[in-house]
Asker: 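Let me begin by handing over the structure; questions about it come next.
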Amino acid sequence: MKINKIATAIGFTLVLSAAANAGVLPQSQTQSQWYESAQTTLATKQSQAQEEQLTKAKNVILFVGDGMGVSTLTAARILAGQRDGQLGEEGLLSFEAFPYSAQVKTYNVDAQTPDSAGTMTAMASGVKTDVGVIGVNENIQRGDCSTVFGNELITTTELAEIKGLATGVISTARITHATPAATYAKSADRNWEDVSDMPEGAVTAGCEDIASQLVNFEKNLEARFLGTDVDGIDVVMGGGRRHFLPKDATFNSADAMSEVEGDRTDERDLTAEWQANYPDGQYVMDKAGFEAISADTKQVLALFNESHMQYEADRENDIAGEPSLSEMTEKAINILDNNEKGFFLTVESGRIDHAHHAGNAYNALNDTIEFAKAVQAAVDNTNPEETLILVTADHSHVFTIAGYPKRGNPILGKVVAVGKEDPSLAADGMPYTTVGYANGLGFRDLGDETNADAAYLEGPNVGRHDLTTIDTTRAGFHQEATVPLGSETHAGEDITLHAKGPGAQLAQGVVEQNVVFHLVNQALELIKQ
Amino acid sequence: MKSIILSMVLLSPFASAVECKADNQYLQASYKVSEQTSQKLPKNEQSFTLWRTPRQVAQQSEQLVELWRQLSNQQIRPIRYFTQAKRGIEYQPSEVKGSQDFSSKYQLVSDQLLAKMQLQSEQGEGCDKKQRYYLKQADTVIEVVWLSNQQLVESMQVNTANYSRITSLQSVSFNKQTVLEQFANWDKYQTTDYADIGDNESDPFLAKMINLGFVEHGATGFYDTNGKALKSNHHHH
């Protein structure tokens with residue numbers, strides 16, 4: 001193959017070059033651990049370049065860390081390493097060891113700093129669109145139902161269904177939230193999660209709420225493509241029961257947080273409708289129900305929480321119990337891989353974003369570490385020669401790693417300079433943390449609180465605070481911020497894409513976010529059908 | 001207090017403590033809050049209404065309602081309703097120590113604070129049973145008149161050298177239907193999980209939350225274990 005010849009030639013040249021320099025460099029340099037490990041990395045890359053480059057995959061798994069910017073990756077990998085007793089900086093999150101990666105531009109058609117609706121629509125449909133809208137192109141007028149018709153986009157999940165693949169969508173956010181919704185729904189507003197969220201005019205004009213679109217996915221897709229016969233999304237797991245249940249306390253689940261759990265004002269119980277559509281499927285709402293799902297289950301609808309699922313650190317406080325993201329990922333793969341044609345699965349860690357919005361680095365990093373475990377679970381439960389795994393984010397956050405802390409300094413701690421034992425002091429005479437936020441609510445010391453959202457009970461408290469006696473590494477510490485806002489914001493810089501498996505080698509360079517769809521489509525040959 | 005008009009026609013002074021508590025589970029109580037920070041300044045007067053069902057309590061001021069619901073695991077889930085906008089913001093239950101004392105919200109004064117106070121006198125029977133409590137801590141003096149079998153504050157006075165605050169019951173009723181209707185009315189408001197606010201900058205109501213924090217606040221009626229008034233927020237405009 002042409003590619004192989006070129007790769008061999010490049011490899012040969014590098015070997016010659018290394019040989020030519022070997023005598024020039026002192027032993028202290030060539031025998032350095034840094035030098036040797038870099039040589040090993042290079043040899044691995046050369047070996048990869050010479051391997052046969054598969055381009056077509058049987059399965060694709062798309063992982064999305066919501067709000068997981070580059071600084072989040074760096075800090076999470078350091079925290080993971082430090083929890084394992086290492087210095088931290090030298091390690092990698094599971095997916096950072098993937099052989100290919102790209103830098104991704106996230107802006108929306110109408111926004112420099114994007115939101116999840118526009119970004120995930122780009123990844124799911126191959127077309128960039130406006131902020132706040134789901135599964136429709138830029139000709140949409142946000143909130144105007146009449147502009148939906150004719151501007152709908154077809155997603156990878158829909159195309160995979162039409163091709164006969166098994167499909168799944170998992171999220172720790174509400175399953176009707178922007179990122180998971182963009183895999184299956186078309187909506188003029190990301191907030192139309194159930195009928196009670198929509199203006200009356202939109203309902204009467206024929207727009208369907210997002211939860212209803214999930215339950216009617218099969219029917220709607222078959223209506224859009226007359227003559228096709230699909231079997232619906234096989235695995236759906238996440239939070240958001242409120243949007244599936246009628247506003248009637250008699251429908252409350254065991255761990256309802258509101259007096260009336262359901263929000264729907266049309267008296268529909270979508271969980272019952274889903275069960276009627278899929279009599280062999282299993283609807284579950286707690287950890288016990290999740291654990292009872294066997295790998296030969298045909299279809300699953302799992303709604304573990306009234307709103308978003310818990311932060312990973314807060315799961316034990318859930319009344320009915322919830323599985324982790326890695327447990328959901330493994331379970332989903334074990335069900336989806338029963339389809340001999342293959343599968344397409346989307347997995348979102350939705351609460352990295354929420355922890356950052358709350359200005360709480362602990363939960364953002366802890367959920368990122370759990371996200372990396374979920375990716376590893378996918379690697380461990382799939383055949384690398386037939387499964388393309390893509391790992392990316394939708395956007396970044398205004399989360400910074402700053403100051404001059406020494407190597408191995410606790411990433412959630414105060415800055416201690418190289419060669420020092422005590423925290424460095426700023427010009428105001430007070431210590432400062434390595435990680436922080438450019439805007440948001442700012443400082444809180446909530447001790448061992450594991451729910452980042454507890455910060456919202458009080459207004460912004462930005463600027464400097466004396467952290468001398470405060471343990472900033474605890475779960476309830478919220479970092480200082482500069483600009484006072486009720487919620488920390490997204491950031492506009494690029495994010496990363498990591499790829500492994502057939503077609504992964506196409507993930508290179510600086511790309512627009514909508515390229516993700518085309519990578520999936522290329523590997524699964526979705527639009528060739 | 002003579003000025004208090006207690007519409008307790010359904011509550012018998014001969015009722016047992018248990019019967020009295022069972023009869024007043026659905027409650028609507030109006031309070032006046034009079035605050036003075038300096039003798040030279042006029043008193044600041046506000047009012048609020050306390051609403052209760054067995055597992056929910058709400059404090060309603062002119063434009064803001066703060067509601068707490070006790071969950072089956074004893075955590076407390078807060079919701080803030082903005083009556084003018086007919087919108088609500090939902091918060092997650094917190095494990096923060098001190099914020100889990102439902103009694104401080106349900107009764108306006110926590111069981112813990114009452115336990116620390118000195119019982120000075122007691123009079124009446126059944127639903128009319130009234131206790132007077134007193135506590136002096138450093139320069140702060142707290143006096144509570146407590147309708148113990150109704151779990152209701154008749155008056156609470158907090159005095160320091162430069163500050164005084166009197167919270168006094170103006171009227172109370174126990175119409176279950178009215179109370180349930182009021183909670184159902186708030187429940188109809190469109191609500192947003194605060195975790196979603198950061199993703200909703202284009203919604204004018206939520207954008208106000210993002211940019212300004214809370215711009216309205218109620219007459220605080222709740223007190224922590226030290227008798228300190230719990231602020232509804234720290235960001236006043």
Side-chain angles (χ1 to χ4, degrees), chain A residues 67 115-117 131-132 142-143 173-174 177-178 189-191 196-197 242 247 254-260 263 265 306-308 310 314 317-319 351 353-358 397 440-441 446-461 476 484-490, chain B residues 53-56 66-67 69-80 88-99 180 183-184 186-203 206-215 217 230-237:
Chain A
D115 86 328
S116 301
V131 72
R142 184 173 181 179
R174 292 189 300 272
H177 205 239
D189 196 305
R190 58 178 288 164
N191 292 324
S196 72
D197 299 321
R242 62 190 315 167
K247 201 171 185 62
D255 64 348
M257 280 209 295
S258 302
E259 192 74 359
V260 181
D263 280 354
T265 47
E306 180 180 323
S307 184
H308 303 297
Q310 310 287 358
D314 204 33
N317 290 314
D318 190 70
I319 295 172
R351 310 225 64 197
D353 178 65
H354 292 153
H356 276 321
H357 278 308
H397 271 268
L441 289 165
L446 304 181
D448 292 327
E449 170 69 66
T450 45
N451 186 350
D453 301 348
Y456 292 131
L457 285 165
E458 302 290 344
N461 185 17
L485 293 178
S487 180
E488 182 265 7
T489 71
H490 299 173
Chain B
T53 70
R55 298 187 76 84
Q56 294 187 105
E66 297 194 85
L67 184 151
R69 178 166 187 256
Q70 191 175 38
L71 305 181
S72 59
N73 64 357
Q74 305 309 309
Q75 286 191 343
I76 301 170
R77 193 274 181 88
I79 303 177
R80 284 186 173 120
I89 303 294
E90 297 172 347
Y91 299 82
Q92 293 299 303
S94 161
E95 305 121 50
V96 179
K97 287 191 177 92
S99 66
L180 289 176
F183 278 96
W186 290 323
D187 196 43
K188 285 179 191 154
Y189 288 2
Q190 186 186 352
T191 56
T192 303
D193 188 335
Y194 201 113
D196 295 320
I197 282 181
D199 292 322
N200 279 289
E201 78 299 332
S202 66
D203 179 318
L206 300 179
K208 193 164 78 167
M209 294 296 230
I210 295 170
N211 294 324
L212 302 176
F214 299 105
V215 294
H217 67 100
L230 296 172
K231 298 284 184 188
S232 54
N233 64 74
H234 290 164
H235 196 79
H236 301 172
H237 291 264

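Protein chains get the first letters and strands the later ones, always in sequence-line order, with residue 1 at the start of each.
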Asker: Non-hydrogen atoms of chain B under 4.5 Å away: do they reach the side chain of A:D189, the backbone, both or neither?
Answerer: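 Neither part, no heavy atoms under 4.5 Å.
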
Asker: Listed by chain and number, what are the side-chain contact (heavy atoms from CB on, under 4.5 Å) partners of A:T265, not counting sequence neighbours?
Answerer: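 Residues passing side-chain contact (heavy atoms from CB on, under 4.5 Å) with A:T265: A:V195, A:S196, A:K247.
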
Asker: Roughly how far apart are A:D453 CG and B:E90 CD, rounded to 0.5 Å?
Answerer: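 One gets 11.5 Å once the value is rounded to the nearest 0.5 Å.
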
Asker: Between B:N200 and A:N191, does a side chain to side chain donor-acceptor pair (under 3.5 Å) hold up when you go through it step by step?
Answerer: CA-CA 9 Å; B:N200 279 289; A:N191 292 324; 2.5 Å; yes

Asker: Any side-chain heavy-atom pair from A:M257 and B:L71 closer than 4.5 angstrom?
Answerer: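 When only atoms from C-beta onward are counted, B:L71 and A:M257 do touch, with a gap below 4.5 Å.
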
Asker: Just so I know, are the side chains of B:D187 and A:E259 near enough to count as touching, which here means a heavy-atom distance under 4.5 Å?
Answerer: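 A side-chain contact under 4.5 Å is absent here.
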
Asker: Is B:T192 close to chain A through its backbone or its side chain, or both, or neither, when contacts mean heavy atoms under 4.5 Å?
Answerer: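 Neither part; nothing is under 4.5 Å.
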
Asker: Give the C-alpha distance, both sets of side-chain angles, the deciding distance and a yes or no for side chain to side chain contact (heavy atoms under 4.5 Å, CB included) between B:I197 and A:H357.
Answerer: CA-CA 9 Å; B:I197 282 181; A:H357 278 308; over 6 Å; no

Asker: Measure the shortest side-chain to side-chain distance between B:D193 and A:H354 over non-hydrogen atoms and say whether it is less than 4.5 angstrom.
Answerer: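 In short, these two side chains do not touch, never coming nearer than 4.5 Å.
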
Asker: Taking atom types as modelled, is there a side-chain donor on B:D196 or A:H177 under 3.5 Å from an acceptor on the other?
Answerer: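 Indeed, the side chains of B:D196 and A:H177 share at least one donor-acceptor pair under 3.5 Å.
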
Asker: Report which part of A:H356 has an atom under 4.5 Å of a heavy atom belonging to chain B: side chain, backbone, both, or neither.
Answerer: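 Neither part.
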
Asker: If you round to the nearest 0.5 Å, how far is OG of A:S487 from CG of B:L206?
Answerer: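 OG of A:S487 is found 10.0 Å from CG of B:L206.
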
Asker: Just so I understand: if I count every heavy-atom pair under 4.5 Å between each of B:Q56, B:R55, B:K188 and chain A, which residue has the most?
Answerer: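 Between B:Q56, B:R55, B:K188, the count favours B:Q56.
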
Asker: Which atoms form the tightest heavy-atom contact between B:R77 and A:S258, and what is the distance?
Answerer: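 Result for this residue pair: NH1-OG, 2.9 Å.
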
Asker: With rounding to the nearest 0.5 Å, note down the distance linking OH in A:Y456 to CD1 in B:I89.
Answerer: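 Nearest 0.5 Å value for the OH-CD1 distance: 11.0 Å.
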
Asker: Can you measure from CG (A:L441) to OH (B:Y194) and round to the nearest 0.5 angstrom?
Answerer: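 Between A:L441 CG and B:Y194 OH, I get 5.5 Å after rounding to 0.5 Å.
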
